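Beneath this line is the structure, given in structure tokens, with notes to follow.
All chains are named by letter (A, B, ...) in the order of the sequence lines, taking the proteins before the strands, and each is independently numbered beginning at 1. This structure is a prediction, so every number in the text was calculated from the model and none was measured.
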Amino acid sequence: MIPNPYRSLHCNAITAAHVGQLVTLSGWVHSARDHGGVIFVDLRDREGLTQVVFRPEENAEVAARSQELRDEDVLQITGRVERRLTGTENPKLATGEVEVVVTELLVLNRAEVLPFQLDRELSNEDLRMKYRYLDLRRERMSRNIRQRHRITNAARNFLDEQGFVEVETPVLSNPTPEGARDFLVPARLSPGKFFALPQAPQQYKQLLMVAGLERYFQIARCFRDEDLRADRQPEFTQIDIEASFVTQPDILNLVEGLLAAMFKAGRGVDIPTPFLRMTYQEAMDRFGSDKPDTRYGLEITDMADVFAQSGFKIFRSTLEGGGVVRAINAKGFAGITTGQMIRLNDIAIQAGMKVKQLAFIKVERDAQGNLEYKSPLWKFFEPSEREALIAKLNVEENDLVFFYAGSWQEACDILGRVRCEIAQMQALTEGSTALNFLWVVDFPLLAYSPEEQSWVAVHHPFTRPKAEDLPLLEAGEYGKVRAEAYDVVLNGYELGGGSIRIHESDLQARMFSVLGISPEEQQVKFSHILEAFRFGAPPHGGLALGLDRIAMLVAGEQSIREVIAFPKNNKACDLMTDSPTTVDFRQLRELYVQSTYKEKRREEAASAETAVNPPADS
RNA sequence: GGAGCGGUAGUUCAGUCGGUUAGAACGCCAGCCUGUCACGUUGGAGGUCGCGGGUUCGAGCCCCGUCCGCUCCGCCA
């Protein structure tokens with residue numbers, strides 16, 4: 001820091017070594033303690049706290065003025081560093097051995113009483129957002145924002161060292177036919193036409209590969225006009241990466257190094273690499289999710305061998321019809337409450353369960369001390385099945401086993417959701433500092449969408465089919481084709497994903513056709529990329545990481561709003577600036593745009609009525 | 001679009017079976033206090049119980065509607 005008239009040091013930097021020196025500090029009144037004679041003020045700047053002391057015998061005029069100081073006033077003080085009186089050192093403070101005896105006081109700005117106290121947590125998120133600039137003054141927020149900077153910086157440095165070149169791609173670009181809803185921007189100079197804000201710089205970064213850049217990255221703002229969540233904002237930041245002449249393992253290794261560098265910079269931890277790698281099929285079979293949280297067990301077990309010949313008709317017929325019978329053993333959860341049981345069933349129904357209740361077995365000891373298998377289906381099982389089931393699921397006293405019989409997809413969806421909920425009920429991740437990174441690979445290339453009555457890309461239309469599955473694509477067995485696609489997952493959160501791309505024009509055109517995009521539409525929307533691929537496009541691939549989520553997990557926060565300086569609320573509004581806002585007619589006219597929205601008149605009508613008929617009493 | 005939880009002092013919250021003047025802590029204001037650091041101490045101010053309607057002798061509490069916030073589902077290639 002270069003000293004200037006405002007300060008010679010930051011508030012955290014004063015030590016016993018400065019005793020006797022004259023220093024100047026600037027900052028905020030963190031707390032003021034008036035003892036009638038002597039007055040203490042904890043002065044805070046972004047680096048820390050120092051106690052400054054006002055004594056009447058040192059400077060009566062300054063001491064008198066110091067009595068007027070209130071929390072969050074902005075001060076500049078000059079004073080002499082002194083060792084604190086013996087017995088009054090404060091070990092909780094980095095600067096607790098010393099204090100500054102003030103000789104000059106300049107009040108740079110007064111602060112009114114704040115709408116909330118900075119030294120207490122507050123639950124009112126509207127208020128935090130309305131006064132976000134005050135919320136950000138709080139230590140937790142300031143720590144998060146600065147930690148995010150370190151993480152971003154580490155990513156930039158790491159990628160730079162690996163030969164990646166940062167390139168800015170346009171924010172004003174074209175709408176995308178698939179995927180999330182776009183934010184649109186009217187194009188004044190092309191009347192009647194629109195830009196869209198990018199959901200990702202996907203096509204541009206692939207074109208940079210055609211351009212021969214070979215290694216690109218960008219800390220890119222992306223936009224998606226979809227509903228929000230604790231881990232989803234309409235504008236968010238991706239670390240976007242693309243490289244040429246690379247294979248899938250190259251990308252995975254690179255990203256492991258990158259994440260290790262980011263977590264080292266952000267949290268000081270060393271992440272072991274390589275990460276666990278798991279196929280999509282395995283993730284779904286074992287965890288019912290393509291972003292499994294492996295900090296706890298509760299794995300899904302396939303029960304086909306146990307029930308293939310079962311006398312219990314529902315299980316046997318499901319298996320004979322090509323379905324699955326699967327189970328989760330919730331160890332030690334026989335004490336589940338009725339409320340919890342209802343909640344699990346609700347979740348299962350929401351996830352697509354066709355019946356009203358999850359089948360279960362509850363294992364408890366009865367009054368005689370015998371193990372009792374409380375279950376609506378126990379009586380249907382042969383002794384041999386019971387034995388096999390107990391052995392396969394390692395069923396013991398106090399366990400609670402859930403079953404689902406149905407299609408593979410249903411079993412994954414339902415048991416996957418139930419698994420997460422049980423873990424939450426049992427507080428299995430409480431206090432855990434585990435960082436369970438893993439890769440999910442071999443995603444399916446395509447999925448059938450009943451709503452759109454067509455095949456859609458699971459990842460995106462530029463994803464490369466696995467070479468060995470190309471015959472399946474040609475044979476029209478779209479559901480069986482696997483992609484050169486991969487997601488990186490941490491503790492049940494998808495941190496990012498990517499793929500090796502298609503670089504051949506004809507394969508890309510074939511892919512568009514499979515997705516139901518006609519040759520004419522391909523020409524209109526994708527001619528630039530199809531054409532580019534005819535001029536010597538190198539094999540390439542890449543990935544994008546969600547920087548906000550990473551920053552959230554590094555900070556140990558539950559919401560990405562805690563690591564974004566000015567986030568939007570649930571309804572995508574900024575309560576501080578009251579954005580979005582209406583614009584006047586002239587502004588719209590210039591853009592050749594007109595709103596079709598009709599404001600609801602109810603409020604007006606209601607207020608008019610109360611004006612005509614005021615309350616009768618009083 | 002759907003479900004759940006919440007909305008009481010500036011803030012965080014309590015408020016019993018529907019029953020007297022709606023409480024506490026912190027903060028705020030004023031006084032006292034020369035070694036505190038969550039200073040202490042004395043006193044004081046501060047409430048449209050989100051809003052509207054209903055039930056009732058009586059509503060913060062019950063019912064209906066509505067607004068706002070958060071969480072989740074749908075959605076997010």
Side-chain angles (χ1 to χ4, degrees), chain A residues 30-43 49-58 63 67 70-71 82 84-93 95-96 99 101 112-131 176-182 199-200 202 222-234 236 343 346-347 349-352 413 417 420-421 424 443 445-447 449 451-452 455-463 483 485 494 497 499 511 515 544 546 558-559 561 569-571 573 575 600 602-603 606-607 609-610 615:
Chain A
H30 191 68
S31 94
R33 298 176 293 278
D34 181 350
H35 284 257
V38 67
I39 288 133
F40 300 102
V41 168
D42 287 342
L43 194 67
L49 286 180
T50 286
Q51 173 166 283
V52 302
V53 192
F54 296 87
R55 290 203 193 103
E57 58 269 31
E58 184 72 34
Q67 291 183 304
R70 294 294 178 265
D71 285 0
E82 285 190 1
R84 290 199 189 185
L85 302 181
T86 310
T88 66
E89 300 89 351
N90 184 353
K92 283 186 275 184
L93 217 55
T95 57
E99 62 194 5
V101 180
E112 288 180 16
V113 176
L114 269 45
F116 49 82
Q117 288 166 257
L118 300 186
D119 56 353
R120 303 188 149 229
E121 284 297 315
L122 70 166
S123 58
N124 190 337
E125 230 183 300
D126 317 19
L127 198 69
R128 290 179 57 196
M129 290 306 163
K130 185 170 176 192
Y131 298 98
T176 46
E178 292 193 43
R181 189 177 296 115
D182 288 309
Q199 299 177 25
Q202 184 61 36
C222 303
F223 305 86
R224 293 178 189 174
D225 188 8
E226 295 293 345
D227 286 5
L228 284 69
R229 287 281 193 285
D231 62 352
R232 277 178 9 203
Q233 283 273 307
F236 60 101
R343 178 156 170 74
D346 285 349
I347 282 164
I349 288 165
Q350 216 167 30
D413 290 347
R417 197 74 67 69
C420 291
E421 188 62 27
Q424 207 168 346
F443 274 81
L445 182 72
L446 298 155
S449 163
E451 301 92 57
E452 296 172 37
W455 289 91
V456 295
V458 167
H459 192 54
H460 59 53
F462 311 105
T463 302
E494 182 193 328
S499 61
M511 197 52 200
L515 294 169
Q558 301 290 312
S559 166
R561 290 189 299 269
N569 75 1
N570 244 344
K571 293 215 169 103
C573 296
L575 297 174
K600 285 180 191 163
R602 202 176 31 235
E603 259 183 45
S607 62
E609 199 163 333
T610 45

Taking any heavy-atom pair under 4.0 Å as a contact, classify [X]: base, sugar-phosphate, or nothing.
X      : answer
A/N569 : sugar-phosphate
A/R128 : nothing
A/R229 : base
A/T463 : nothing

Round to the nearest Å and state the distance from [X] atom [atom1] to [N] atom [atom2].
X      : N     : atom1 : atom2 : value
A/D71  : B/G27 : CG    : C1'   : 9 Å
A/L122 : B/G27 : CG    : P     : 16 Å
A/E125 : B/U11 : CD    : P     : 15 Å
A/E226 : B/C72 : CD    : P     : 16 Å
A/R181 : B/C76 : CZ    : P     : 9 Å

Between [M] and [N], how far apart are the [atom1] atoms? Round to whole Å, please.
N     : M     : atom1 : value
B/C37 : B/A59 : C1'   : 47 Å
B/U42 : B/A14 : C1'   : 26 Å
B/G53 : B/G10 : P     : 23 Å
B/C70 : B/C29 : P     : 31 Å
B/C62 : B/C72 : C1'   : 28 Å
B/A25 : B/G44 : P     : 13 Å

Show me the protein contacts with nucleotides 32-35 of chain B, counting only N or O atoms at under 3.5 Å.
unit_1, atom_1, unit_2, atom_2, d
B/C33, N3, A/D34, O, 3.2
B/C33, N3, A/G36, N, 3.4
B/U34, O4', A/V38, N, 3.3
B/U34, N3, A/E57, OE1, 3.2
B/U34, O4, A/E57, OE1, 3.2
B/G35, O6, A/R55, NE, 2.7
B/G35, O6, A/R55, NH2, 2.3
B/G35, N1, A/E99, OE2, 2.9
B/G35, N2, A/E99, OE1, 2.5
B/G35, N2, A/E99, OE2, 3.0

When every non-hydrogen atom of A/R561 is compared with those of A/R229, the smallest separation belongs to NH1-O, 4.3 Å
Using heavy atoms to find the nearest nucleotide of RNA chain B for A/N570 and A/L127 separately, return the residue whose nucleotide is more 5′.
A/L127
Going by purine N1 to pyrimidine N3 plus the second Watson-Crick contact, or the G-U wobble pair, all under 3.5 Å, which nucleotide sits opposite [N]?
N     : answer
B/A22 : none
B/A45 : none
B/G58 : none

Can you tell whether the side chains of A/R343 and A/E421 come within less than 4.0 Å, N to carboxylate O?
yes
Salt-bridge present (A/R232, A/D227; N to O < 4.0 Å):
no
OP1 or OP2 of B/G74 less than 4.0 angstrom from a side-chain nitrogen or oxygen of A/R417, does that happen here?
yes
Would you indicate, yes or no, if B/C37 has its OP1 or OP2 atom less than 4.0 angstrom from a side-chain nitrogen or oxygen of A/K92?
no
Suppose we call a contact any N or O donor and acceptor under 3.5 Å apart; does that hold for the side chain of A/R561 and the base of B/C70?
no
Under the rule for ring-ring contact (aromatic ring centres under 6.0 Å, His included), what residues qualify as partners of A/F54, not counting sequence neighbours?
none
